[in-house]
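The structure appears below as structure tokens.
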2 protein chains.
Amino acid sequence: MTTIRDVARKAGVSVATVSYVINGTRNVAPETAARVRAAMEELNYHPNAVAQSLRTRSTHVIGAVISDISNPFFATLIKGAEDCARKNGYSLLICNTSEKLENELVYLQLLSRKRVDGMIIAPTGKNDALIKDLIERGMQIVLIDRKMEGVSAPAVLSENEQGAYQATRYLLDHGHRRIGIVLGLPHVSTTTERLLGYRRALAEDGIAEDPSLIVYGHSQVGGAREASVKLLNRPDRPSAVFATNNLMTIGLMTAIHDLGLRCPRDVSVIGFDDFDWAAAFEPPLTTVAQDPYLIGERAVEILFANLNQAHRSTPEIRIPTRFLPRGSVQKL
Amino acid sequence: MTTIRDVARKAGVSVATVSYVINGTRNVAPETAARVRAAMEELNYHPNAVAQSLRTRSTHVIGAVISDISNPFFATLIKGAEDCARKNGYSLLICNTSEKLENELVYLQLLSRKRVDGMIIAPTGKNDALIKDLIERGMQIVLIDRKMEGVSAPAVLSENEQGAYQATRYLLDHGHRRIGIVLGLPHVSTTTERLLGYRRALAEDGIAEDPSLIVYGHSQVGGAREASVKLLNRPDRPSAVFATNNLMTIGLMTAIHDLGLRCPRDVSVIGFDDFDWAAAFEPPLTTVAQDPYLIGERAVEILFANLNQAHRSTPEIRIPTRFLPRGSVQKL
DNA sequence: GCTATATATCTAAACGTTTAGTCTAACCGT
DNA sequence: ACGGTTAGACTAAACGTTTAGATATATAGC
């Protein structure tokens, strides 16, 4: 690999001068600059970003800690984050925790060692200690999708309560009284917030909550399928089910299919999260659409804003959801 | 940030000794080691990976250049790659080219400057020069999903020709004679290979190729929808259509839906790529399933193998596809 | 008791940049 | 002609590690 020293030698200048023409940080005579550039060209020189990082104490990398990149929600979120990062000359290092606290810990340590300039994190939820510690020692962190009580970091989240409320409200307005809900992981904020919205709508109509209608799929398709089967096999089967994320929705639809039921004839469905295929197949799915791309984008925007300010702000940004009525809900 | 020097001072030893206990590269007396570890603990010391990289000339990062992380195929591939990378102590830097040559060039330069230890690349296809150049100067590169003629790098690919052949064969066996095909990007190897399989099956039955049945969606849902609408609006509409990747499939299904047609009653469909939702909605989609997770995993396995060998091998690995007959094809 | 060997530790140079400080020569105004 | 300014270039220290080689001390063999 050719170094700045090689370039300097070839151009007959000092390494400092080469550095100045690369970065434009000081005046250098036009003809000298030209000679340096020619030398760089000829030697096919590319500055060593590792050395630059060591010296400048900035890696231009931001770490993205999510549960699972193969989940379309996070994949799209990361796309938004990456697009925004690249525009600002940054790259993204991705880390899949699989919702395991141990993985999250390992990754946070790793990113910290790699001296990333910041992180966006969808926390598993049980780990405030390390995150707090990182923030204290100056690491820039933005929470995405989920928040954590007690950590003072910006967070970019969906309007979960409102979205879930709308979905439930819609079902109630269509005459449904027994409404099941398939939730994801018990202890993350998205789950609790969506449950809250569901409850608010029910309460509004004076419907007593039936605990047997509230089931957890633990954010896995298989788990959602099992939970849904149990839910749908009850003698007093709900007439409608609200699945609170895309994996839950797939599990629920699979269960309906496997039980030989039809949607919406036998059971109405609303899903949280919208994707291309939701409209293209039968039934066209009624969904509460989140905007994961925007979440990712806003998160790194905020990260950069804080990176350039001495004092950091810790806003809680809420990205609105959109309710998309399609064909998976039947009027009773 | 606390440095190795701080630890050394606190433990009353030289920095070398601290380094030795961190890396276990030389004998150090047990009690000294204990003292050093205590100091590290107390100071909450985490080695600076940037400095380590500069010195050891290894970043433990591999670059992943793909077209679009929000495409589930690539998202799953990246998951496989990341899982394998992490097991070996490596991280993944992701780069979305959006199928644009210019982006690919920028990213390859960037990764090269960042001194990644290797790259896995799904090339846009028109850019052999830079990739060849990188390989020549010692960069470890593994091609994924697509290959490039003339570059001597390992490649991990699906059995595209065979998969497409099977799908077409299946349609022929079900009595279809006019079979449309919706292809992705014209110049990438996956497209040409899948077209080849389609042709082989048709030729086998002595069916003359009808160019009007071969359309391109340019690997975008919108493009696929438009192309499909044109295809299905022909007076001599094909009785079956083969969509050669997941985006094409969604575009095709959307077109069918928008035209008020029903699948499989009016038109039979087979898709390339299988995903959770393909089985859960109506019609349950008959697909040729790829194994993107395995592609990603094998790719970084090969990368690591070559990283540790003086002489590198450049195998072309083919990952088998699985044909999954479900409900979207009608017998004529 | 002496050499040979093994063990534990240290010194200092490197990895490839950036950048504060210094130097030189040219230019300017008076 | 001379001090003051400026433009352009250079020197060298620093960023935080690793590691080859030197040094010192203990252990063993005879």
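Numbers restart at 1 for each chain; the letters A, B, ... are given by sequence-line order, proteins then strands. Note that these values count all heavy atoms, side chains included, but never hydrogens, waters or copies made by symmetry.
In this structure, the CG atom of B/Asn48 is 18 Å from the P atom of C/dC15, given to the nearest Å. At whole-Å resolution of the value, CZ in A/Arg35 and C1' in D/dA9 are 11 Å apart. In this entry the distance linking CZ of B/Arg113 with C1' of C/dT18 reads 16 Å, nearest Å. Rounded to an integer number of Å, the gap from B/Tyr45 OH to D/dG16 P is 10 Å. As a whole-Å value, the separation of B/Lys114 NZ from C/dC15 C1' is 18 Å. Spacing between atom CE of B/Met1 and atom P of D/dG16 amounts to 10 Å, rounded to whole angstrom units.
For B/Ser189 (side chain) and B/Lys147 (main-chain N/O), a donor-acceptor pair under 3.5 Å exists by modelled atom type. Using a distance-only test at 3.5 Å, with no hydrogens or angles considered, no donor-acceptor pair links the side chain of B/His46 to the main chain of A/Gln109.
Listed by residue number, the members of residues 17-27 of chain B with any heavy atom below 4.0 angstrom from DNA chain D are B/Ser19, B/Tyr20, B/Asn23, B/Arg26. Only at 4.0 angstrom or more do the heavy atoms of residues 3-10 of chain A sit from any atom of DNA chain D, so none qualifies.
Dashed line: the shortest gap from a side-chain N or O of B/Gln52 to OP1 or OP2 of D/dT18 is under 4.0 Å. Contact check, B/Thr32 against C/dA8: no side-chain N or O comes under 4.0 Å of OP1 or OP2. Note on A/Arg57: every side-chain N or O is 4.0 Å or more away from OP1 and OP2 of D/dA14.
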Verdict with reasoning, A/Glu316 to A/Leu157, per side chain to side chain contact (heavy atoms under 4.5 Å, CB included): CA-CA 7 Å; A/Glu316 178 180 300; A/Leu157 316 159; 3.8 Å; yes

May I have the step-by-step check of salt bridge (charged side-chain N to carboxylate O under 4.0 Å, His left out) for A/Arg298 and A/Glu301, ending in yes or no? CA-CA 5 Å; A/Arg298 299 285 281 120; A/Glu301 272 172 13; 3.0 Å; yes

After noting the C-alpha distance and the side-chain angles of B/Val7 and B/Val36, does the key distance pass the side chain to side chain contact (heavy atoms under 4.5 Å, CB included) rule? CA-CA 7 Å; B/Val7 176; B/Val36 169; 4.3 Å; yes

Take B/Leu108 and B/Met139, measure what side chain to side chain contact (heavy atoms under 4.5 Å, CB included) needs, and give me the verdict at the end. CA-CA 11 Å; B/Leu108 292 180; B/Met139 178 61 73; over 6 Å; no

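Between the base of D/dT17 and the side chain of B/Arg55 there is no donor-acceptor pair shorter than 3.5 Å.
Using a 4.0 Å heavy-atom cutoff across all strands shown, B/Ala16 reaches at least one base atom of the nucleic acid. B/Val13 comes within 4.0 angstrom of the backbone, heavy atoms only, and of no base.
Contact check for A/Asp117 versus A/His60: side-chain heavy atoms found under the 4.5 Å cut-off. Side-chain contact between B/Tyr90 and B/Val300 is absent, with no heavy-atom pair separated by less than 4.5 Å.
By the neighbour-count criterion of 12 heavy atoms within 6.0 Å, atom NZ of A/Lys10 is sparsely surrounded, having that number or fewer from other residues, nucleotides or ligands.
Judged by closest nucleotide on DNA chain C, B/Ser14 is the one of B/Ser14 and B/Arg115 placed further toward the 5' end.
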